[in-house]
Amino acid sequence: MARKRRYWLLKSEPSAFSFEDLLASPKKTTLWDGVRNYQARNMLRDDLQPGDGILFYHSNAKPPGVVGVAEVVCAGYPDPTQFDPSDGHFDPKSDPLNPRWFVVDVRARGALTELLSLETLKGVSKLDEMALLQRGQRLSVQPVSPAEWREVLRLGGRKDLV
DNA sequence: GCCAACGTTGGC
DNA sequence: GCCAACGTTGGC
């Protein structure tokens, strides 16, 4: 039996890479590079699988919030930017034979009908346990439960993308 | 292995 | 720009 589909929240600063940028990318797809946190790396490398659902979150935005829905296209593979000295994410300590950092490819499915702000999400009791809303969390890759996924898409007016 | 200093994230 | 909450680094 196939593995159950899982759900994730990915954060991006829209000034660096926005959901609109993803929609405008070839095949609405890009590699999710530049993650340099081990917990987030472990999820990219081990847990995200093709077909998994993604909530696209804008951090450091006005206001911050979930803006769109995407999906995982392929399982984790080494982040090419770690080996590129001209890239801001270059990591001279990473061994090409034993890469330290990983990416997945993600493809946009569609924007929410309107931005679901962090403030709005905080007011939804069904989302009390959501990783995003827990004190002190900063991970740029976070798990989302099936119930949270359904609720966010319902609030975002995109039940068609559940 | 401890922990102080430093760096980063990200809401506000 | 502030700063809380982490994560990382490096001396010991």
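Convention: sequence-line order gives letters A, B, ...; per-chain numbering from 1.
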Describe the nucleic acid contact of A:Gln39 in one word from base, sugar-phosphate, nothing, applying a heavy-atom distance below 4.0 Å.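 Sugar-phosphate, backbone atoms only, no base.
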So A:Lys62, base contact, sugar-phosphate only, or nothing? Heavy-atom distance under 4.0 Å.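 Nothing, no nucleic acid heavy atom in range.
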Mind calculating the distance between [atom1] ([X]) and [atom2] ([N]) to the nearest angstrom?
X: A:Gln137; N: B:dT8; atom1: CD; atom2: P; result: 19 Å
X: A:Leu132; N: B:dT9; atom1: CG; atom2: P; result: 16 Å
X: A:Arg100; N: C:dG7; atom1: CZ; atom2: C1'; result: 14 Å
X: A:His89; N: B:dT9; atom1: NE2; atom2: C1'; result: 14 Å
X: A:Asn37; N: B:dT8; atom1: CG; atom2: P; result: 13 Å
X: A:Gln134; N: C:dC6; atom1: CD; atom2: C1'; result: 15 Å
X: A:Glu119; N: B:dG11; atom1: CD; atom2: P; result: 13 Å
X: A:Asn60; N: C:dA4; atom1: CG; atom2: P; result: 17 Å

Pair A:Asp128-A:Ser125, side-chain donor/acceptor within less than 3.5 Å: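 No pair is found: no donor N or O on one side chain lies under 3.5 Å from an acceptor on the other.
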Establish, with yes or no, whether the OP1 or OP2 oxygen of [N] is under 4.0 angstrom from a side-chain nitrogen or oxygen of [X].
X: A:Tyr57; N: B:dG11; result: yes
X: A:Arg135; N: C:dA5; result: yes
X: A:Lys11; N: B:dT9; result: no
X: A:Lys122; N: B:dC12; result: yes

Name the closest nucleotide to the A:Arg138 side chain, picking from B:dT8, B:dG10, C:dT8.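 For the A:Arg138 side chain, the nearest candidate turns out to be B:dT8.
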Testing the basics here: between A:Ser94 and A:Gln82, what is the closest heavy-atom pair and its distance to 0.1 Å?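 In this case the closest contact between A:Ser94 and A:Gln82 is OG-OE1, 2.7 Å.
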Can you give me the closest heavy-atom contact between A:Val144 and A:Trp149, atom names plus distance?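 Scanning both residues, the minimum pair turns out to be CG1-N, 3.7 Å.
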Can you establish whether the number of heavy atoms outside A:Glu20 located under 6.0 Å from its atom CD is more than 12?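 Yes, CD of A:Glu20 has more than 12 neighbouring heavy atoms, counting only those of other groups under 6.0 Å.
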Which of parallel (below 30°), tilted (30 to 60°) and perpendicular (above 60°) describes A:Tyr38 and A:Trp101?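 A:Tyr38 vs A:Trp101 ring planes: tilted.
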